[in-house]
Amino acid sequence: MAIRYNLWIDPDNVAQHRAVEADLERYFVERFADYPHIRLFGADPYDYDAPFNRLYDVLMARAAEYCERTWCYVASPEQLNRCFFRAVGRSTKFVQDDRS
């Protein structure tokens with residue numbers, strides 16, 4: 001299997017990695033605006049059909065395609081995941097249920 005991730009191929013190109021990650025975070029925040037408010041947690045936080053989990057899968061695939069198309073850059077799964085959850089933390093679209 002060939003290494004495709006730009007972060008692994010050229011780890012010293014920190015400026016490019018940071019620029020791509022900042023853009024990915026912005027990309028995710030903008031995509032969240034397309035959805036109604038999404039509840040985090042609930043009766044079963046491990047429900048893989050829950051809206052949050054479906055949203056995650058779809059946006060990961062779209063973000064990877066966006067990154068390749070826009071930046072000619074192959075983001076690692078870890079980069080995509082980190083940017084996604086940073087965006088979740090900044091977004092007002094997510095509502096947490098009371099855990100008590």
Side-chain angles (χ1 to χ4, degrees):
M1 178 169 79
I3 295 174
R4 294 188 56 219
Y5 308 125
N6 287 55
L7 180 65
W8 294 4
I9 293 170
D10 189 10
D12 295 329
N13 194 348
V14 175
Q16 182 188 36
H17 305 312
R18 286 184 180 158
V20 169
E21 289 176 15
D23 188 46
L24 278 172
E25 195 172 329
R26 180 198 52 74
Y27 173 85
F28 284 125
V29 169
E30 288 176 1
R31 297 296 77 73
F32 297 156
D34 297 339
Y35 295 89
H37 282 87
I38 296 176
R39 289 204 175 281
L40 299 177
F41 310 114
D44 182 5
Y46 301 104
D47 177 4
Y48 293 105
D49 289 326
F52 179 79
N53 294 319
R54 288 193 313 265
L55 175 68
Y56 176 86
D57 289 340
V58 168
L59 288 183
M60 282 295 161
R62 288 181 185 169
E65 291 171 6
Y66 165 80
C67 204
E68 284 191 58
R69 184 178 63 251
T70 304
W71 288 87
C72 296
Y73 184 100
V74 180
S76 72
E78 189 275 333
Q79 285 176 296
L80 292 166
N81 189 61
R82 183 169 10 99
C83 293
F84 178 86
F85 283 104
R86 279 187 190 156
V88 167
R90 287 188 22 219
S91 176
T92 59
K93 298 300 268 185
F94 295 90
V95 179
Q96 282 190 332
D97 287 343
D98 252 348
R99 296 187 96 180
S100 48

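- A heavy-atom distance below 4.5 Å is found between the side chains of Y27 and R62.
- One hydrophobic cluster, built from ILVMFWY side chains closer than 4.5 Å, holds both L59 and W71.
- Counting heavy atoms from C-beta outward, L24 and F84 have side chains that stay 4.5 Å or more apart.
- Between R31 and Y66 the shortest side-chain heavy-atom distance does not fall below 4.5 Å.
- One finds the CD atom of E21 at 6.0 Å from the CZ atom of R86 (value rounded to the nearest 0.5 Å).
- Hydrophobic clustering of Ile, Leu, Val, Met, Phe, Trp and Tyr side chains at less than 4.5 Å, counting indirect connections, unites L80 with W8.
- Heavy-atom minimum distance, R4 versus V74: O-CB, 3.4 Å.
- L7 is connected to I3 through a chain of hydrophobic side-chain contacts under 4.5 Å among Ile, Leu, Val, Met, Phe, Trp and Tyr, so both are in one cluster.
- Cluster membership for F85 and M60, using ILVMFWY side-chain heavy atoms within less than 4.5 angstrom, is shared.
- Across all non-hydrogen atoms, the minimal contact from A63 to F28 is CB-CZ, 3.4 Å.
- N81 is listed as a side-chain neighbour of Y56, based on a closest heavy-atom distance under 4.5 Å.
- What you find for D10 and H17 is that their closest heavy atoms are O-NE2, 2.7 Å.
- Of all the heavy atoms in Y5 and A75, the pair that sits closest is CD2-O, 3.4 Å.
- In this structure, F32 and T92 have side chains that are not in contact, with every pair of non-hydrogen atoms separated by 4.5 Å or more.
- For S91 (side chain) and A87 (main-chain N/O), no donor-acceptor pair under 3.5 Å exists by modelled atom type.
- The CG atom of D23 lies 9.5 Å from the SG atom of C83; values are rounded to the nearest 0.5 Å.
- Heavy atoms from other residues, nucleotides or ligands lying under 6.0 Å from CZ of R26 number more than 12.
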